[in-house]
Protein chains: 4
Amino acid sequence: MSATSQSPEVPARGKRADALRNQQTLLAAAAAVFVTSGVEAPIREIAARAGVGIGTIYRHFPTRADLVVAVYRHQVEACAEAGPTLLANAASPLAALRQWVDLFTDFLVTKHGLANALQSDTGGFDALHTYFVDRLVPVCAQLLDASVDSGEIVPGTGPYELMRGIGNLCIGRNNDPAYDPRRLVDLLLRGLQQPR
Amino acid sequence: MSATSQSPEVPARGKRADALRNQQTLLAAAAAVFVTSGVEAPIREIAARAGVGIGTIYRHFPTRADLVVAVYRHQVEACAEAGPTLLANAASPLAALRQWVDLFTDFLVTKHGLANALQSDTGGFDALHTYFVDRLVPVCAQLLDASVDSGEIVPGTGPYELMRGIGNLCIGRNNDPAYDPRRLVDLLLRGLQQPR
Amino acid sequence: MSATSQSPEVPARGKRADALRNQQTLLAAAAAVFVTSGVEAPIREIAARAGVGIGTIYRHFPTRADLVVAVYRHQVEACAEAGPTLLANAASPLAALRQWVDLFTDFLVTKHGLANALQSDTGGFDALHTYFVDRLVPVCAQLLDASVDSGEIVPGTGPYELMRGIGNLCIGRNNDPAYDPRRLVDLLLRGLQQPR
Amino acid sequence: MSATSQSPEVPARGKRADALRNQQTLLAAAAAVFVTSGVEAPIREIAARAGVGIGTIYRHFPTRADLVVAVYRHQVEACAEAGPTLLANAASPLAALRQWVDLFTDFLVTKHGLANALQSDTGGFDALHTYFVDRLVPVCAQLLDASVDSGEIVPGTGPYELMRGIGNLCIGRNNDPAYDPRRLVDLLLRGLQQPR
DNA sequence: AATGAATGAGTTTTCATTCAT
DNA sequence: TATGAATGAAAACTCATTCAT
């Protein structure tokens with residue numbers, strides 16, 4: 001590296017700092033709008049909320065998926081990193097799996113429209129789906145395998161299938177007293193357990 | 001019945017016959033398009049597939065919900081009527097519930113986009129949702145109650161919640177080898193069973 | 001008349017009678033609908049009100065203007081025929097003109113949307129306009145000329161102009177307490193009178 | 001004022017200049033189309049005439065009424081402001097009223113379709129009607145009252161009624177040699193004058 | 001780099017008019 | 001002759017996306 005090279009993290013003239021700040025504003029606005037109007041909300045609405053032009057959003061996030069992924073990256077990462085930790089600390093692999101599933105469920109339930117978008121085949125959410133799968137399926141697989149190995153759950157259910165099942169159960173507006181996703185996810189996990 | 005009496009399937013005047021035939025064509029086309037493009041497919045696409053003008057669709061089915069309900073009415077009715085029959089003939093209430101759930105699941109799995117539409121809050125599908133709930137929840141409730149009474153499943157899960165859980169699990173394109181809704185529905189039912 | 005000859009007025013097998021009766025029903029229905037929804041009301045609405053198919057309306061009245069002319073023919077004729085009578089019986093030509101204008105105004109005011117249609121250049125009302133002009137302008141001209149000749153009104157205003165002015169003043173929904181077409185028509189006539 | 005100060009007509013940033021220019025183009029195009037096809041002309045026609053996309057029109061004028069009001073605002077304002085001036089300068093209140101009515105009539109006569117739209121109860125022209133009434137009726141009232149007070153015209157006719165009468169007389173395509181709105185408006189005013 | 005004006009494809013909906021039965 | 005099903009042109013309106021400033 002020459003003396004004039006600049007690492008991305010240390011911008012020289014402040015321009016980059018502006019852009020970064022802008023990006024944060026954007027993500028916050030998008031997150032807020034996603035909660036209100038779902039992940040398919042008009043770009044214009046997000047731009048308005050962020051107080052920027054729509055062109056700015058397109059510059060930072062060329063596709064809608066880019067934006068959605070960026071919005072939820074932190075939480076996906078946190079969820080991914082929690083897997084090994086839980087496995088190391090929980091009383092049993094199944095207990096770890098339960099706790100991880102709780103984490104994952106909480107995440108989906110609190111992000112209105114996210115679960116829906118994850119399985120949508122319209123709107124260019126493929127990248128979002130892919131990201132979730134790539135990042136979380138391995139984590140879930142580890143917990144699942146361990147639980148099978150410990151004899152706590154029956155084999156035959158793959159991590160992708162389980163996660164998508166959980167994801168689907170979380171679809172729909174939350175706070176519906178007649179439909180509690182967490183209860184159903186719990187039933188699903190019970191169904192996985194060994195009869196004994 | 002006199003010799004001149006005519007069954008409802010053999011209308012007397014010509015016009016009606018045409019219209020009825022057309023209505024059948026329409027329903028078939030709509031069903032096909034729903035599988036391909038989901039229940040939110042453009043009206044124009046259905047008209048094109050049926051080989052009729054868009055006006056014709058609006059004549060027969062003024063709102064999208066009318067069309068969707070019409071397309072699925074037969075199967076919803078069949079499913080509703082199967083409930084009591086299964087309960088009367090199966091080895092146990094739980095067995096009847098299982099079989100009924102299989103029926104319901106098959107229905108949803110084979111109708112791409114239907115499960116999705118059922119929980120959508122956009123597109124004027126309220127009527128569809130309402131129809132499903134009104135017609136099927138009581139049936140499901142009967143099977144569920146009987147299974148609780150027989151001690152085969154644990155209490156605490158309502159028929160609406162169960163049906164919506166099943167519905168949600170069926171969301172997504174079918175024939176995905178990595179995600180089998182039927183397996184997950186089966187897990188859900190296992191989760192309902194008494195530990196013993 | 002032989003037993004087998006059939007004058008148009010005495011149809012043998014009722015077909016013609018049916019058609020005539022139908023035509024009357026149609027005219028009555030159209031008149032009623034014109035009052036409610038204006039002269040541009042959907043053909044379908046008229047057909048429904050008459051209890052016939054739309055095709056029947058098109059058979060009898062190929063264009064909308066045909067229908068409108070037919071609906072109002074009686075009254076136009078009555079108005080036309082009243083002209084000479086009034087002129088012969090009134091105290092003066094101006095008095096006759098006044099009475100005739102009252103007749104004409106009443107006609108327009110009570111036919112919602114008619115005055116509007118008369119000057120509309122859309123909707124194919126040309127034939128209607130033409131019919132009114134051909135039939136009534138000569139009548140109005142006679143009254144106007146006589147009034148000029150008697151020295152009661154100033155010359156310079158033509159019958160077409162006057163009639164169209166009156167027609168225009170009658171445009172708009174009636175029963176508006178803030179706008180009384182008759183008062184304004186009266187002002188117009190006053191304006192025509194000789195200063196003396 | 002410094003040399004760098006900018007009048008409102010010379011906005012600082014580029015974009016705004018374009019948009020403003022565009023808005024002018026739009027208003028001109030709309031005015032032209034209104035003359036040709038009336039105030040109910042399809043949005044698309046105006047867009048085509050202006051050489052812009054339809055979206056552009058919706059951006060500038062969300063509703064049709066917004067567009068129509070914008071097109072005629074200048075002239076309505078001029079007309080409104082002329083009232084007091086005329087009253088102050090004319091030889092008599094009636095003379096002022098005459099001149100103002102001429103102004104108003106000229107305005108309507110030269111805007112084909114406007115008079116028609118003003119009394120239409122379809123197409124969302126309420127706002128237009130309201131704007132005219134709110135802005136001009138008080139002005140007309142002042143002139144009318146003064147003319148009554150000076151004994152030049154008979155009382156009993158309200159400003160709204162007079163204006164709407166004039167408006168109605170101006171309905172129809174102009175340049176019809178057989179129908180001169182100005183002549184009829186003049187007759188109407190004569191009708192208002194005191195016999196003496 | 002940011003802006004937001006402009007674009008126009010896509011969808012819904014209404015009705016006059018035709019035409020097979 | 002009557003019917004009304006079918007047609008499709010027309011018009012409004014929304015938004016993702018591009019691009020001049």
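Below, read A as the first sequence line, B as the second, and so on, with proteins coming before strands; counting in each chain starts at 1. Since this is a predicted model, take the numbers as computed values, not measurements.
Contacts of His74(A) classified as side-chain hydrogen bond (donor to acceptor under 3.5 Å, both in side chains), with partners at least two apart in sequence or in another chain: none. Scanning for side-chain contact (heavy atoms from CB on, under 4.5 Å) contacts around Asp66(B) gives Phe61(B), Pro62(B), Thr63(B), with sequence neighbours left out.
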Show me the donor-acceptor pairs within less than 3.5 Å that the side chains of residues 39-53 of chain D make with the rest of the protein, sequence neighbours left out.
unit_1	atom_1	unit_2	atom_2	d
Glu45(D)	OE2	Ser37(D)	OG	2.7

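A straight line from CD of Gln23(B) to P of dG4(F) spans 16 Å, rounded to a whole angstrom. As rounded to whole Å, 12 Å separates atom C1' of dA20(F) from atom CG of Asn22(D).
Rounding to the nearest 0.5 angstrom, the gap separating the CD1 atom in Ile171(D) from the CD1 atom in Ile171(C) is 4.0 Å.
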Pair pattern of DNA chain F in dot-bracket, where unpaired bases get dots and | marks partners in another strand, Watson-Crick or G-U under 3.5 angstrom: .||||||||||||||||||||
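Nearest heavy-atom pair across Ala65(A) and Leu128(A) is CB-N, 4.3 Å. Across every non-hydrogen atom of Leu118(B) and His129(B), the tightest pair is O-CD2, 2.7 Å. Across all their heavy atoms, Ala117(B) and Phe125(B) have their closest contact at O-CB, 3.8 Å. Across Ala70(D) and Leu27(D), no two heavy atoms sit closer than the pair CB-CD2, 3.7 Å.
Side-chain contact between Tyr131(A) and Val68(A): absent, with no pair of heavy atoms (C-beta onward) separated by less than 4.5 Å.
At a non-hydrogen distance threshold of 4.0 Å, Val52(A), Gly53(A), Ile54(A), Gly55(A), Thr56(A), Arg59(A), His60(A) from residues 50-67 of chain A come into contact with DNA chain E. Residues of residues 30-46 of chain B having a heavy atom closer than 4.0 Å to DNA chain E, listed by number: Pro42(B), Ile43(B), Arg44(B).
At least one donor-acceptor pair closer than 3.5 Å links the side chain of Thr130(C) to the backbone N or O of Asp126(C).
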